[in-house]
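Counting convention: from 1, in listed order, for ligands and their atoms alike.
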Amino acid sequence: MAPRVRRNQEFLTKAEKQNYVTALLEVKAAGGYDQYTRLHIQAADNRLVHGFPSFLPWHRVFVSQLERDLRAGRPELTVPYWDWTRADDPKTSVWDEAFMGPGGSPVTKGAFAWEPTHKWRCIGPDIDPALERNLGTDPRDPRTLPTAADVAYCNGWNIYDRYPWDRTTTSAFRAAIEGWIPLDRLPAMHNRVHRWVGGNMADFGSAPNDPVFFLHHANIDRLWAEWQDKHPDAYQPTGEDPRDGENIDDPLALFTNPEVVIRSVLDTKATDLDYVYDTQRPSAQGSVMYPGDVVRRGASLWDPTHKFELVLQGTDGNLVLYDYTVTPRKAIWTAWTVSPETAVCIMRFDGTLAVLDRNETVLRSYPQQSPVRGSRADVTSTGTLEIKDLDGRIVWNSKQPAPVTANA
Ligand code: CU1
Ligand code: CU1
């Protein structure tokens, strides 16, 4: 089985978002959610994890364990991530009333408002039951979120961490992405996002009271996973640190049943974790290519009834849709990407389905005009390749006549 895929919340349908919210409410009602908030309070009170090398692996496990609980009744679900570099705006999709809900002190709308449903009660010492968020409006908080340039700054560090392995460390990836190196006046990156959201998210220990905590940490984990793709075997320290829970072969703090050794969670594709992010070019499964998904040369997708195959042919690099209801099989659509250089078909985040060569040059892309960001490609059981937006509207399909070119 291919690893499951964590996706950008921006590209989930309303139904998928609703499913995630319902799963959270169920785990909350069963008492499972609050154990994570309590564990996080314990980590903060004991000055563990935050400000140290284990910050990234510890939160990786933390998010994965909640994901496991959410998946118990809904195996198709993964924790989405919130890419805040695109979202300085409090009206962005993550704060939709039907998803994480809007800002407010307290929040008064959506599934996580305390009134009137009393389903989402915040817990912890001196914590009001009603969820609060300021979303960049409190003058004491940062008014802006980290940018793509800030992410690039973090990615510029080739060393994972370095002495003294704490929040005074500078010049290392972990310290930069956690946010102890101020890019300007304020703690940047991870810490900055907590403070921009404000309210419960700004309370160090009990921040997981706000369910957006997990979407934020999935994004931090994604950025680390992408960095790890370029810097395998980079984790440090490997034996120099006297503090328990930080060296590569130490068990992480507070995860006792079972213990989790840092080395065992450095690869998200390892069987205990078994996930990747949509930005890591996951292979499409089933009949749909979600944003980010790829079909590599020699691989194919089948419609749900297994009568139609979309294949990026290993033999000649052509992208072809075949009909198997007739014998011999018949090619019913092709992108004409015949080339020894053809490498991959990708559903890009901008809403185009593209065939790329080995240098990432676009050989063909669909639709040629007006793509809709976040669209999906679907091999249907009627033998059509369709590109659909998040509301299910068809943006392009393989039965459309080829556009007439000026030279035709
Ligand atoms: Cu934390
Ligand atoms: Cu955090």
Side-chain angles (χ1 to χ4, degrees), residues 6 9 24 33-67 69 79-85 87 94 100 112 122-125 127 131-136 138 141-142 145-146 150-151 154 161 165-167 169 173-183 186-225 227 243-246 251-256 260 262 265 277:
R6 290 189 184 162
Q9 64 81 28
L24 280 169
Y33 187 92
D34 291 343
Q35 74 185 22
Y36 293 99
T37 308
R38 277 189 216 101
L39 190 70
H40 200 266
I41 291 170
Q42 208 184 335
D45 285 354
N46 292 289
R47 299 181 181 277
L48 299 166
V49 177
H50 304 92
F52 300 108
S54 68
F55 172 76
L56 291 169
W58 193 89
H59 287 87
R60 172 169 285 176
V61 174
F62 192 70
V63 175
S64 285
Q65 294 200 350
L66 176 78
E67 185 176 71
D69 294 354
V79 174
Y81 66 89
W82 170 36
D83 179 3
W84 20 253
T85 61
V94 75
M100 291 295 106
F112 306 105
C122 297
I123 63 151
I127 298 293
L131 180 66
E132 296 184 20
R133 303 174 175 134
N134 303 317
L135 308 189
D138 187 323
D141 291 336
L145 288 163
D150 296 333
V151 172
C154 293
D161 212 337
W165 321 108
D166 61 19
R167 67 184 59 181
T169 297
F173 178 77
R174 188 278 304 169
I177 199 158
E178 186 175 1
W180 300 106
I181 304 175
L183 293 184
L186 293 154
M189 298 304 288
H190 157 266
N191 288 348
R192 183 188 190 98
V193 176
H194 274 277
R195 289 185 45 194
W196 183 90
V197 176
N200 291 84
M201 272 286 272
D203 187 73
F204 186 21
S206 68
N209 272 314
D210 190 331
V212 85
F213 178 99
F214 292 91
L215 277 67
H216 170 38
H217 271 276
N219 194 44
I220 292 291
D221 186 58
R222 174 182 70 93
L223 296 173
W224 181 36
W227 186 86
R243 177 180 277 266
D244 285 344
E246 302 299 333
L252 287 164
L254 304 178
F255 295 115
T256 51
V260 182
I262 290 174
V265 295
Y277 288 92

> So, His217 versus His190: side-chain donor-acceptor pair below 3.5 Å or not?
Replying inline: yes

> Taking atom types as modelled, is there a side-chain donor on Tyr33 or Asp69 under 3.5 Å from an acceptor on the other?
Replying inline: no

> With respect to His216, which candidate in Trp84, Trp196, Trp82 satisfies the side-chain hydrogen bond (donor to acceptor under 3.5 Å, both in side chains) definition?
Replying inline: Trp84

> Glu246: what forms a side chain to side chain donor-acceptor pair (under 3.5 Å) with it, not counting sequence neighbours?
Replying inline: Ser54

> For the rings on Trp58 and Phe255, is their centre-to-centre separation under 6.0 Å?
Replying inline: yes

>> Applying ring pair (Phe, Tyr, Trp, His ring centres under 6.0 Å), can you list everything that pairs with Phe112, at least two apart in sequence or on another chain?
In response: Trp120

> Has His216 got an N, O or S atom lying less than 2.8 Å from the Cu ion (ligand 2)?
Replying inline: no

> Which angle, to 10 degrees, forms at the Cu ion (ligand 2) with NE2 of His194 on one side and NE2 of His190 on the other?
Replying inline: 100°

> Tell me, which protein N/O/S atoms are under 2.8 Å away from the Cu ion (ligand 1)?
Replying inline: His40 NE2, His50 NE2, His59 NE2

> Does Trp180 have any ring pair (Phe, Tyr, Trp, His ring centres under 6.0 Å) partners at least two apart in sequence or in another chain, and if so, which?
Replying inline: none

